[in-house]
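Structure record follows, encoded as structure tokens.
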Amino acid sequence: MPELPEVETIKNELLPQVKGCHFVGVSLLRPEVLRQPEASEFGPRLYGQRVEDIHRRGKYLLFHLSSGERLILHLKMSGLLLIRPSFAQVEPYTTAIFRLDDRKELHFCDRRKLGAMWLVEDENKIIGRLGPEPLDANFSPQVLSRSLGRHRVPIKALLCDQNLIAGIGNMYADEALFAACLHPLTKADSLSSQEVGRLHQAIQEVLERAIAGKGASTDTYRRPNGQLGSAHFEFQVAHRGGEPCYSCGILIERISIRGRGSYFCPNCQRGGLQGRLF
DNA sequence: ACCACAACCTGGCCGC
DNA sequence: TGCGGCCAGGTTGTGG
């Protein structure tokens, strides 16, 4: 599942391939992927535009176009962006093909069909409500503390809230809580300042390590060249239910929080307990 | 304002 | 072997 490190990797590896290229055609194989504008308007507005830059915001990818417009993509659960040669074979579940002027194509594939795409003049209509970027210099422990302090919900649920912090999903929330020795059910507003500091550092370290590993290929994720990421080999708890903790040997448990699988070590993640759980 | 939950989607996995 | 049902999870919308 593409979260911040996966989308960051896609951005990093796509950029040298498409920066400076012009769009010379687009095929919408599944027009429902396009949320804005109407499908009939999409091709004409994209045609001839140069890709000036690509940015990431949370889990969104933003293509900066020469007109000043933004082509925005969200990969949701199973979206892939693949660079292919012209007239390459089209994989199943391809929803859109962008043709570039250097005989390359950008394929948007999406097995679960949840991904989405916009072409807009004002990106803030799409990404304006996102919380701060966890790897930005201005994401301080104080900023994190302010986000957490007003909510009496399990810390795990808050870490996945894109309006509070942008880019963290289920896997990296579990990994950050393990690294901070915090139980996922701990009420967010009960964290001490030391615990918030630990969590802040854990979030940044877990995300940076996953970016260094080019993302985690636990499910369908692949990089634009088709290769897998390696970040999941370093996972301590995510998707490791029933396996022994690398730190203490106790079996990793899985519970459901807000309908999402949450993996944690019941021995290492006692922080936040002491009667503060429920 | 805050919180919970269903819906979207499909391949894979489980139990019978 | 086959089939029904459930699960994965990011985001939006609805309702309490």
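Chain naming here is simple, since letters A, B, ... match the order of the sequence lines and numbering starts at 1 in each.
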So, are [X] and [Y] salt-bridged, with charged N and O less than 4.0 Å apart?
X	Y	result
A:Lys76	A:Asp110	no
A:Arg56	A:Glu8	yes
A:Lys59	A:Glu3	no

Length of the [atom1]-[atom2] vector between [X] and [N], whole Å:
X	N	atom1	atom2	value
A:Leu61	C:dG10	CG	P	16 Å
A:Leu159	C:dG10	CG	P	12 Å
A:Leu114	B:dG11	CG	C1'	13 Å
A:Leu185	B:dA4	CG	P	11 Å
A:Leu148	B:dC3	CG	C1'	16 Å
A:Leu80	B:dC9	CG	C1'	15 Å
A:Tyr221	B:dG11	OH	P	22 Å
A:Asp161	B:dC3	CG	P	10 Å

A:Tyr246-A:Glu234 side chain donor-acceptor pair, cut-off 3.5 Å: no
Derivation of the salt bridge (charged side-chain N to carboxylate O under 4.0 Å, His left out) call for A:Asp189 and A:Lys187: CA-CA 6 Å; A:Asp189 62 358; A:Lys187 297 292 186 205; over 6 Å; no
Sugar-phosphate, base or nothing in reach of A:Met1, heavy atoms under 4.0 Å: sugar-phosphate
Partners meeting side-chain hydrogen bond (donor to acceptor under 3.5 Å, both in side chains) with A:Glu69 (sequence neighbours left out): A:Arg45, A:Gln49, A:Ser67
Contact letters for nucleotides 11-16 of chain C, in which S counts primed atoms plus P, OP1 and OP2 and B counts the base, heavy atoms under 4.0 Å: BS----
Given DNA chain B, 5'-ward residue of the pair A:Arg258 and A:Tyr93, judged by closest heavy atom: A:Arg258
Inter- and intrachain pairs under ring pair (Phe, Tyr, Trp, His ring centres under 6.0 Å), touching residues 93-117 of chain A, at least two apart: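 Qualifying pairs, neighbours excluded: A:Phe23-A:Phe98.
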Listed nucleotide nearest any side-chain atom of A:Arg112, set B:dC9, B:dC3, B:dG11: B:dC9
